[in-house]
Amino acid sequence: MTKPIHVTSEIGKLDVVMLKRPAEEVENITPDTMPRLLFDDIPYLPIAQKEHDNFAQILRDNGTEVLYLENLAAEAIDAGNVKSSFLDKMLAESGYAVGADHDALKEYLMSLDTQAMVNKLFAGVRRNEIDFTPTDLVSAAEDPDYPFFMDPMPNAYFTRDPAASIGDGLSINHMTFAARQRESMFMETIIAHHPRFANKGLHVWRNRDHTHRIEGGDELVLSNHVLAIGVSQRTSATAIQDIARNLFKEDSGYDTVIAISIPHNHAMMHLDTVFTMINTDQFTVHPGILGEGGKIDTWTIHPGKDGDLTMEHNQDLKATLKSALDLDDLDLIPTGNGDPIVAPREQWNDGSNTLAIAPGVVVTYDRNYVSNEMLRQHGLKVLETISSELSRGRGGPRCMSMPLVREDLK
Ligand SMILES: NC(=[NH2+])NCCC[C@H](N)C(=O)O
């Protein structure tokens, strides 16, 4: 029987996906907090929700079951009867391990029903919501005017990043920036307690109790034995070696990890912002990641002796992929047709961040019309989703979705 998580490619027909509908957290961004919260602008929430509902509907219309992170999290907390312990952990990671402010926040959050509490944790807790004057040193000495006790998590609608499905399991990620680190606690709880996922023999290939960072936007499942992982602003080489060792030592089916080095900046924070797989032999690539002569640093990692790793350095992306995936040829489709203005503009709005829902069928943002046209010319079926507000968070259809089950490729 198919496990509740089963993903052996980037392109197999998408049967089950997890999304998070953007909510109040997005309205709790201010110009001052934008950079720290990893946004470049403040989305207009009602339109962002409309766009997100449009995205979800496209997936449903094409035969995908859509689950929502916020609902799964509340159901898991209730099923496991872990509201109090979950809150303690969330409060500790929000800076309130003990003391009067921990107690006041906990009392307030415990008084909400579980779904409202989960929604509130995403939205953030404002100081004026609770009738409580903090007496601790942090509140007094650091920023007495800061409006939040607990920060919002506006990036939660990018469900791709806090965890990543690989084979019959997942990585639950230690994320790079404080703005996102608490997000992966929800998936940890879902896997541990939700009746759909708990005790179903799912592997956690790497959990969140690490100091080295990894994010799902860098983790690409190229086949049932090959992964590509970006060495990026968000994922360290140490974490890649770590997860490779775990995958190779367990019965994961994975024996190859291609580490791909990309520039470390906000526009290209993850590998999936510059490179995605869209068909058995087709990929989108942002030309900006390729250096002179189309070169890029990749290291193909395999199991070595006694749990060690072997590594082969290459600079020809096409050749590396062809050999790892056993293909005669492949088609690398440049974002924005490789034009020096269009390519960076459309990459900025996630023109390379396509979500394949079946081999050769992709969901993309409508605004990247040059890239979309290119994809059509290369024979892909392109389903466009509306995108003026969602894209302000710097993520596209791949970032906004965590595939849970895909059909295996034949
Ligand atoms: N898989 C992705 N490319 N995710 C995009 C995440 C964007 C988000 N604002 C961040 O900086 O974390």
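Index from 1, following the sequence. When reading the values below, keep in mind they use all heavy atoms of this one structure, side chains included, and skip hydrogens, waters and symmetry mates. In each ligand, atom 1 is the first atom listed, and ligand 1 is the first ligand listed.
A donor-acceptor contact closer than 3.5 angstrom links the side chains of Thr8 and Asp408. With hydrogens and angles left out, the side-chain atoms of Ser94 and Arg182 include a donor and acceptor closer than 3.5 Å.
Atoms of ligand 1 lying under 4.0 Å from at least one heavy atom of Gly393, given by number and element, are 7 (C), 8 (C), 9 (N). Taking a cut-off of under 4.0 Å to the non-hydrogen atoms of Gly217, the atoms of ligand 1 that pass are 1 (N). Close contacts of ligand 1 with Thr273, meaning ligand atoms under 4.0 Å from a residue heavy atom, involve 3 (N). Atoms of ligand 1 lying under 4.0 Å from at least one heavy atom of Met269, given by number and element, are 3 (N), 5 (C), 7 (C), 11 (O).
In this structure, His266 is part of the shell of residues with a heavy atom less than 4.0 angstrom from ligand 1.
With atom 9 (N) of ligand 1 as the reference point, the heavy atom nearest to it among Asp272, Asp161, Asn155, Leu271 is part of Asn155. Of the candidates Arg234, Glu219, Arg394, it is Arg234 that places a heavy atom closest to atom 11 (O) of ligand 1.
Not one N or O of Arg160 is nearer than 3.5 Å to an N or O of ligand 1, by distance alone. Remark: ligand 1 and Leu38 share an N or O pair separated by less than 3.5 Å (distance only, no angle test).
Open room surrounds CG on Asn199; 12 or fewer heavy atoms of other groups in view lie less than 6.0 Å from it. By the 6.0 Å contact criterion, CE on Met110 is enclosed, its count of non-hydrogen atoms from other residues, nucleotides or ligands being greater than 12. The number of heavy-atom neighbours closer than 6.0 Å to CZ of Arg126, taken from other residues, nucleotides and ligands shown, is 12 or below.
Under 4.0 angstrom from ligand 1, the non-hydrogen atoms of Arg180 all belong to its side chain.
Across every non-hydrogen atom of Ser232 and Asp218, the tightest pair is OG-OD2, 2.7 Å.
Ring centroids of Tyr108 and Phe132 are separated by 6.0 Å or more, keeping the two rings apart.
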